[in-house]
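Quick notes on the structure that follows.
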Amino acid sequence: IKKALDFMNSKINNFKLAEFEASKLFYLGKPSKDKNPVMYFIMHRLDKRFFNADNFDNLLVYIFKNLLARVGAPYNLI
């Protein structure tokens with residue numbers, strides 16, 4: 001798994017993620033009662049053009065990139 005994560009992380013800059021970052025699909029909220037980071041995935045900000053064949057891989061990489069930042073530590077995704 002580590003090799004796969006390292007490989008994906010090394011290729012992440014090959015994807016066009018600016019449009020997704022501008023949409024602010026993820027929001028980092030206040031910590032939970034257990035002091036874990038709480039990340040919100042804001043569904044209504046998903047635009048239908050994100051699901052086009054040209055954008056779908058970029059969307060998946062954007063989601064992966066945000067979750068990868070939290071790998072190895074507990075977090076809450078809402």
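All figures in this text were calculated on a predicted structure; none of them were measured in a lab. Computation of the quantities below employed the complete heavy-atom set of this structure, encompassing side-chain atoms and omitting hydrogens, waters and symmetry-equivalent molecules. Residue indices begin at 1 and follow the sequence shown.
Taking 4.5 Å as the limit, some side-chain heavy atom of F51 sits within range of a side-chain heavy atom of L46. Using a 4.5 Å heavy-atom threshold, the side chains of L25 and L59 count as touching. F50 is listed as a side-chain neighbour of S23, based on a closest heavy-atom distance under 4.5 Å. Residues N76 and D34 are not in side-chain contact: their nearest non-hydrogen atoms beyond the backbone lie 4.5 Å or more apart. When side chains are defined from C-beta on, M39 does not count as touching Y27, because their heavy atoms never get closer than 4.5 Å.
Residues I12 and K65 share a closest heavy-atom pair of CD1-CB, 3.5 Å. Scanning both residues, P37 and P74, for their nearest heavy atoms gives CD-O, 3.4 Å.
Remark: N36 engages no residue in a side-chain hydrogen bond (donor to acceptor under 3.5 Å, both in side chains) (not counting sequence neighbours).
For the pair N55 (side chain) and R49 (backbone), a donor-acceptor distance under 3.5 Å is present.
Rounded to the nearest 0.5 Å, atoms CG (N58) and CD1 (I63) are 11.5 Å apart. In this structure, CG in D57 is found 12.0 Å from NZ in K16, a value given to the nearest 0.5 Å.
Ring centroids of F41 and F26 are separated by less than 6.0 Å, placing the two rings close together.
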